There are 2 protein chains.
Amino acid sequence: MPSPKDLQQSGLKVTMPRMKILEVFERHRESHLTADDVYRILVTDGLDIGLATVYRALTQFEQAGLLQKQNFESGKAVFELNRGDHHDHLVCLQCDRVVEFCDPEIEKKQAEIADKLGFRIQAHDLCLYADCIDQGCPHRPTQTVLSNLPR
Amino acid sequence: MPSPKDLQQSGLKVTMPRMKILEVFERHRESHLTADDVYRILVTDGLDIGLATVYRALTQFEQAGLLQKQNFESGKAVFELNRGDHHDHLVCLQCDRVVEFCDPEIEKKQAEIADKLGFRIQAHDLCLYADCIDQGCPHRPTQTVLSNLPR
DNA sequence: ATAGATGCAAATTGTTTGCAATCTA
DNA sequence: TAGATTGCAAACAATTTGCATCTAT
């Protein structure tokens, strides 16, 4: 349930299009959506919101820290709700399923490496591309499976 | 020095455009080049090779394992010679400098993670975005600095 | 000779922008 | 009401493709 506060705090006016777009992400907490995905969902919902507005909102929301943006190999950017936690992604090469994970050891090692090279790390992208081992891999559109790795 | 064999072995005909494109990468072993970078270099060299041909060649060379493709945040794909070794990248947020590194521990951990999630890892992208700590960071176009981390 | 390669222009795809009309604070 | 926001169409940037013409094998 997106609250108007989320927008106000970012200096963005509370408008219908923006609230509806946030709602879409609330209703799809497990997904990684492209601008077009969001646009289609809105259209399906019978809402008349332009694609350009979606793009503008996504950009603003990302800057405001409400959303996180990812660039997988697909060429299109995908967005997900910023749940505060940082995590990396594993994309299934069979069905495009996205599994999230986070490994503190890797995170630590990254900082050490940057440090050793004379840099202060600001961000990173880590994405694994892999094949399902188990049989039951449905060839379906993008879908997310949350997963917390033992630490 | 690109050898015709590199192309023949891939089932690609040895043509002037292809050889010249390979040469460009040989002459810029340290760089990460976009299709347009390659095209401009060729034009500068007085060669009349179409941009579409460059794109086609880059794709074919990547599939043939001669080049490696990277998608940084820039939106454009960059290519580099496949030197056999795997490595990850660190991009300087100030000057776009690209530093290469490889950390066996991270590699190992990645495989373990994929394994634990029920996947067999095929590939991965790891890119760190960071700020130079030291002063001498020139704001210049993309340029690569090779670096082997202690292992 | 012939399948494959090239150049050019036109087409695609994902994303951004100009602008007049329309809203929020 | 003033300044922000929206929708639409046009503009863009990166990459791909159709096709008639060449070229390596």
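Everything quoted here is computed from the prediction, not taken from an experiment. In what follows, every heavy atom counts, from backbone to side chain, and hydrogens, waters and symmetry copies are set aside.
- Interatomic distance, CD1 of B:Ile113 versus CG of A:Leu126, reported as 7.5 Å (0.5 Å rounding).
- Below 30°, between 30° and 60°, or above 60°: for B:His32 and B:Phe72 the angle between ring planes is between 30° and 60°, a tilted geometry.
- One interatomic measurement links the two molecules: NZ of B:Lys20 to C1' of D:dA24, which rounds to 17 Å at whole-angstrom precision.
- Taking the side chain of A:Ala77 as heavy atoms from C-beta on, and the options C:dT15, C:dT6, C:dG14, the nearest nucleotide is C:dT15.
- Per the geometry, CG belonging to A:Asn71 stands 14 Å off C1' belonging to D:dA14, to the nearest Å.
- Put simply, A:Val78 and A:Leu66 are part of two different groups of oily side chains (I, L, V, M, F, W, Y) that touch within less than 4.5 Å, one to the next.
- Interatomic distance, CZ of B:Phe79 versus OG1 of B:Thr59, reported as 5.5 Å (0.5 Å rounding).
- Across all non-hydrogen atoms, the minimal contact from A:Ile49 to A:Tyr39 is O-CE1, 3.0 Å.
- Between the NZ atom of A:Lys76 and the C1' atom of C:dT13 there is a distance of 8 Å, given to the nearest Å.
- Annotation for A:Asn82 and A:Gly65: closest pair ND2-O, 3.0 Å, computed over non-hydrogen atoms.
- Using a 4.0 Å cutoff on non-hydrogen atoms, no part of residues 35-47 of chain B comes near DNA chain C.
- Remark: of the listed residues A:Lys20, A:Arg27, A:Arg40, A:Arg27 is the sole one forming a salt bridge (Lys or Arg N to Asp or Glu O under 4.0 Å) with A:Asp45.
- Whole-Å rounding puts the B:Phe61 CZ to C:dA5 C1' distance at 12 Å.
- A donor-acceptor pair under 3.5 Å is formed between the side chain of A:Asp103 and the backbone N or O of A:Glu105.
- Per the geometry, CG belonging to A:Leu58 stands 12 Å off P belonging to D:dT6, to the nearest Å.
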Write out a two-atom table: protein N or O, nucleotide N or O from nucleotides 22-25 of chain C, distance below 3.5 Å.
from, atom 1, to, atom 2, distance (Å)
C:dT24, O2, A:Lys13, NZ, 3.3
C:dA25, OP1, A:Val14, N, 3.3

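- Between atom CG of residue A:Asp88 and atom SG of residue A:Cys102 there is a gap of 6.0 Å, rounded to the nearest 0.5 Å.
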Show the distances under 3.5 angstrom between N or O atoms of the protein and N or O atoms of nucleotides 17-22 of chain D.
from, atom 1, to, atom 2, distance (Å)
D:dG18, O6, B:Arg56, NH1, 3.4

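- Spacing between atom CG of B:Asp48 and atom C1' of C:dT6 amounts to 10 Å, rounded to whole angstrom units.
- Under a 3.5 Å cut-off, the side chain of B:Arg18 and the backbone N or O of B:Lys13 do form a donor-acceptor pair.
- At whole-Å resolution of the value, CD1 in B:Ile21 and C1' in C:dG7 are 12 Å apart.
- Spacing between atom CZ of B:Arg18 and atom C1' of D:dT23 amounts to 11 Å, rounded to whole angstrom units.
- Distance NZ/A:Lys109 to CG/A:Asp115: 11.5 Å, rounded to 0.5 Å.
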